Amino acid sequence: MTIKIVAFGKIADILPQQEWETDGLETAGMLRGQLEAKYPNLKGQRYLIAVDKKIANDDSPLEEHSVVALLPPFSGG
Amino acid sequence: MTIKIVAFGKIADILPQQEWETDGLETAGMLRGQLEAKYPNLKGQRYLIAVDKKIANDDSPLEEHSVVALLPPFSGG
Amino acid sequence: MEKQTINTEEKPSHRHKKVFVEGPISAAFVGDSIAKHSTKMDIGAHSIFLGQVRKDVIESQEVVAIDYSAYAEMAEEKFHEIREDTFAKYPLTCMHIYHSLGKVNAGEICLFVFTSAIHRREAIDACNEVVERIKQEVPVWGKEIFDNDQHRWKENK
Amino acid sequence: MEKQTINTEEKPSHRHKKVFVEGPISAAFVGDSIAKHSTKMDIGAHSIFLGQVRKDVIESQEVVAIDYSAYAEMAEEKFHEIREDTFAKYPLTCMHIYHSLGKVNAGEICLFVFTSAIHRREAIDACNEVVERIKQEVPVWGKEIFDNDQHRWKENK
């Protein structure tokens, strides 16, 4: 099951890439755990995860071709 | 004691003149009574009286050269 | 039309400003007023209210224009008082108020209230309050002119 | 910049409208948008909110611009949802929302929310609510660019 990950704002600055694909993850929480293990700078950062443009929680399931977005606090307007 | 009277909006339409002078009146209420006796169409109309640009009540005293304004409900903006 | 901009160092609230304009307020004038604020680097939010004359239909007569008149001396004092009170209550950078006198056709603008502040809350709340106070406290009257030349004195709700 | 005006007979809320504009929103564009409403004879009140970039000083560095980025696909869905909800809640005649992407210098406008209605209360309340929802719900980020080329990610309060 392949998913696409996209990062924005401050979170994109912390990660080595802004957009990539990965697989083997079943929930948004599993992705969060994997990322924070790999990039310790992510820990303590506030960010929401959106799955297919809807705000998700850690239990939200990922599906084949899901687009998962890492969203730091909004600052539009 | 001469005062000047100025009427606006609908009240000015009811009275024969928009601006005139009169004397012998000591309070705003006396003016109101005299006007409504003379111009029965004024009765039942809603209007405020301002003495020298301040909203007055019937007991408000009139002074030499006071400007007394007859103000129907505002409709600016 | 005033050409000056307010210098915040010179107590803007203490300057008597011209509020009444003859006839309608043009959209271009609103645009120009906004443009003048691009040099004010501490402004983060502008709130604008515009009153526009509606072509209401009243007993099958159509409103084609409103003819505004005022007790100008008292109205100017009231506008000044509203201005002072609002500057005292809200931390504003600027405030501008323009109200039409004379004939304003349906579709044209008769009131322009413009407040600016560092943050949105103050700008929005102040604009709102100024509009409400103008409607309630300022001696201005609108005479609705119908398409058959009849008229009716408007009353604010 | 969109040239169309909304025809109220064709359910304005159901049209997807372009919100994002590249770079700052000009004061003249705001003026033109207002002018387009002079043919809408049922409008009595317009409420406008403008966000302007402040030259804040943060640890002795000066903000010279904000560089806006967005998760565009999600942001557009959110703008549409806010638009639909607001039309459902308030009896509005028109609503327009424009938000900058890319670089907006201090003193320039980055957000333009414009609501129009028969009466002032609806126009003002709707404008207010749209602004609050944009700040809270739409995935847009502002990167404050300092005069020494450093940057800091902004956070809305």
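Remember, predicted model here, so these are calculated numbers, not experimental data. Letters go in sequence order (proteins before strands), and every chain restarts at 1.
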Interface residue of largest heavy-atom contact number with chain D, from [options], under 4.5 Å:
options	answer
C:I34, C:I48, C:T39	C:I48
C:A35, C:G44, C:S116, C:S38	C:G44
C:A106, C:S26, C:G51	C:A106

Shortest non-hydrogen contact between D:G31 and C:A27, atoms and distance: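 In this case the closest contact between D:G31 and C:A27 is O-CB, 3.4 Å.
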Whether C:R54 side chain and D:I118 backbone form a donor-acceptor pair below 3.5 Å: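 Side chain of C:R54 to backbone of D:I118, a donor-acceptor pair under 3.5 Å: yes, one is there.
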Contacting region of C:V131 [heavy-atom separation from chain D under 4.5 Å]: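 Interface part for C:V131: side chain.
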Which region of [X], side chain (C-beta onward) or backbone (N, CA, C, O), has a non-hydrogen atom less than 4.5 Å from a non-hydrogen atom of chain C, or is it both or neither?
X	value
D:A45	both
D:V53	backbone
D:I124	side chain
D:S47	both
D:V113	neither

Straight-line distance of D:R120 CZ to C:L111 CG, nearest 0.5 Å: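 D:R120 atom CZ to C:L111 atom CG measures 9.5 Å (nearest 0.5 Å).
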Sub-4.5 Å side-chain heavy-atom contact between C:N128 and D:R121: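 Of all side-chain heavy-atom pairs linking D:R121 with C:N128, at least one is under 4.5 Å.
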Working for side-chain hydrogen bond (donor to acceptor under 3.5 Å, both in side chains), residues D:H37 and C:Q52: CA-CA 9 Å; D:H37 290 76; C:Q52 181 167 307; over 6 Å; no
Whether over 12 other heavy atoms sit under 6.0 Å from D:K135 NZ: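 Result for NZ/D:K135: enclosed.
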Atom NZ of C:K103 with >12 non-hydrogen neighbours under 6.0 angstrom: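 No, NZ of C:K103 has 12 or fewer neighbouring heavy atoms, counting only those of other groups under 6.0 Å.
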